[in-house]
J.: 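Pasting a structure below so you can have a look.
All ligand and atom numbering here is 1-based and tracks the order in the structure.
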Amino acid sequence: MIRQEISPSILNCDIGQLHAELDKIATADNVHVDVMDNHFVPNLSWGLPVVESVVKHGKLPVDVHLMIEDPDRWALDYAKAGVDSVTFHAEAATAPVVLARQLRAQGVKAGLGLRPATPIEPYIDLLKEFDMILIMTVEPGFGGQEFIEAMCEKIRRTRKAISRTYLDISLQVDGGISRNTIEMAAQAGANVFVAGSAVYKADNAANEIATLRKLAKQHCHGLV
Ligand code: DX5
Ligand code: ZN
């Protein structure tokens, strides 16, 4: 049985009030932290000290999304910070299997991220090396963008391939997830839903998380 998870992204929270912003999402399943280097994506966010502060807050498992060049060099430092999972991008990693194994050896879940134009097919035979596949549903770099509906086909194909492994591999979607799009993503087979602006722009983040959870659940197709 696969669990559905709501994973708010703090990218557009008020970083000056970090711990108060994290308290707002205490009912979520984990917290998604976007690391951007202004090379892999045209935006700069934050790095290890902010991730360490989120870990220190201690109330939710931390899911790090590395949108950086050369994750082979940097990802392990994030794993050592006490996070739950580290996702790096297929387009940026030189040796994704080596890196995933190093992350797992560190006791951290390994995620593989795919930009919208990157197909899942080259990675189908490598699925067992990962704990999570992240299908970007916007071009990575910024919050508040529109969900790319065409990604639903890729989500479907990925879910089918994961099912064939009989392994507990999560399928995460990130970008433009809201009340209007989460059902589409859930129906296609995603089970981890990153939502940034939908949660942090809502009047009440906890209510929004509950609503997203409820909508996703209606389309769980054998997932729970
Ligand atoms: C975008 C980031 C996302 C972003 C999502 O590159 O990876 O995690 O924060 O924000 P929304 O939910 O607003 O699209
Ligand atoms: Zn992200």
J.: Taking atom types as modelled, find out whether Asp34 and Ser9 have a side-chain donor-acceptor pair closer than 3.5 angstrom.
T.: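 Asp34 vs Ser9: donor-acceptor pair found between side chains.
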J.: Dump all N/O pairs between ligand 1 and the protein below 3.5 Å as a table: atom names plus distance, one pair per row.
T.:
{"unit_1": "ligand 1", "atom_1": "6 (O)", "unit_2": "Gly141", "atom_2": "N", "d": "2.7"}
{"unit_1": "ligand 1", "atom_1": "7 (O)", "unit_2": "Asp34", "atom_2": "OD1", "d": "3.0"}
{"unit_1": "ligand 1", "atom_1": "7 (O)", "unit_2": "His65", "atom_2": "ND1", "d": "3.2"}
{"unit_1": "ligand 1", "atom_1": "7 (O)", "unit_2": "Asp174", "atom_2": "OD2", "d": "2.9"}
{"unit_1": "ligand 1", "atom_1": "8 (O)", "unit_2": "His32", "atom_2": "NE2", "d": "3.4"}
{"unit_1": "ligand 1", "atom_1": "8 (O)", "unit_2": "Asp34", "atom_2": "OD1", "d": "3.1"}
{"unit_1": "ligand 1", "atom_1": "8 (O)", "unit_2": "Asp34", "atom_2": "OD2", "d": "2.8"}
{"unit_1": "ligand 1", "atom_1": "8 (O)", "unit_2": "Asp174", "atom_2": "OD1", "d": "2.7"}
{"unit_1": "ligand 1", "atom_1": "8 (O)", "unit_2": "Asp174", "atom_2": "OD2", "d": "3.0"}
{"unit_1": "ligand 1", "atom_1": "9 (O)", "unit_2": "Ser9", "atom_2": "OG", "d": "2.8"}
{"unit_1": "ligand 1", "atom_1": "9 (O)", "unit_2": "Asp34", "atom_2": "OD2", "d": "3.2"}
{"unit_1": "ligand 1", "atom_1": "12 (O)", "unit_2": "Gly196", "atom_2": "N", "d": "2.7"}
{"unit_1": "ligand 1", "atom_1": "13 (O)", "unit_2": "Gly144", "atom_2": "N", "d": "2.8"}
{"unit_1": "ligand 1", "atom_1": "13 (O)", "unit_2": "Ser197", "atom_2": "N", "d": "3.0"}
{"unit_1": "ligand 1", "atom_1": "13 (O)", "unit_2": "Ser197", "atom_2": "OG", "d": "2.4"}
{"unit_1": "ligand 1", "atom_1": "14 (O)", "unit_2": "Gly176", "atom_2": "N", "d": "2.8"}

J.: Any side-chain to backbone donor/acceptor pair from Ser7 onto Phe193? Under 3.5 Å, distance only.
T.: no
J.: Over all heavy atoms of both residues, which pair between Trp74 and Glu69 is shortest? Give the atoms and the distance, please.
T.: CD1-O, 4.0 Å
J.: Looking at Ala95, is its backbone amide N or carbonyl O close enough to the side chain of Asp72 to form a donor-acceptor pair, meaning the two atoms are under 3.5 Å apart?
T.: yes
J.: Does anything in residues 10-41 pair up under ring-ring contact (aromatic ring centres under 6.0 Å, His included), and if so which pairs, sequence neighbours excluded?
T.: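 Qualifying pairs: His19-His57, His32-His65, Phe40-His89.
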J.: Within the distance-only criterion (no hydrogens, no angle test), does the side chain of Glu91 pair as donor or acceptor with the backbone N or O of Arg115 below 3.5 angstrom?
T.: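 Yes.
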J.: For the pair Arg157 and Glu121, find out whether any cationic side-chain nitrogen is under 4.0 Å from an anionic carboxylate oxygen.
T.: yes
J.: Output all residues satisfying ring pair (Phe, Tyr, Trp, His ring centres under 6.0 Å) with Tyr123, sequence neighbours left out; order by chain, then residue number.
T.: none
J.: I'd like to know if the side chain of Tyr200 and the backbone of Glu21 have a donor-acceptor N/O pair within less than 3.5 Å.
T.: yes
J.: Ignoring water, what protein N, O or S atoms are under 2.8 Å from the Zn ion (ligand 2)?
T.: His32 NE2, Asp34 OD1, His65 ND1, Asp174 OD2
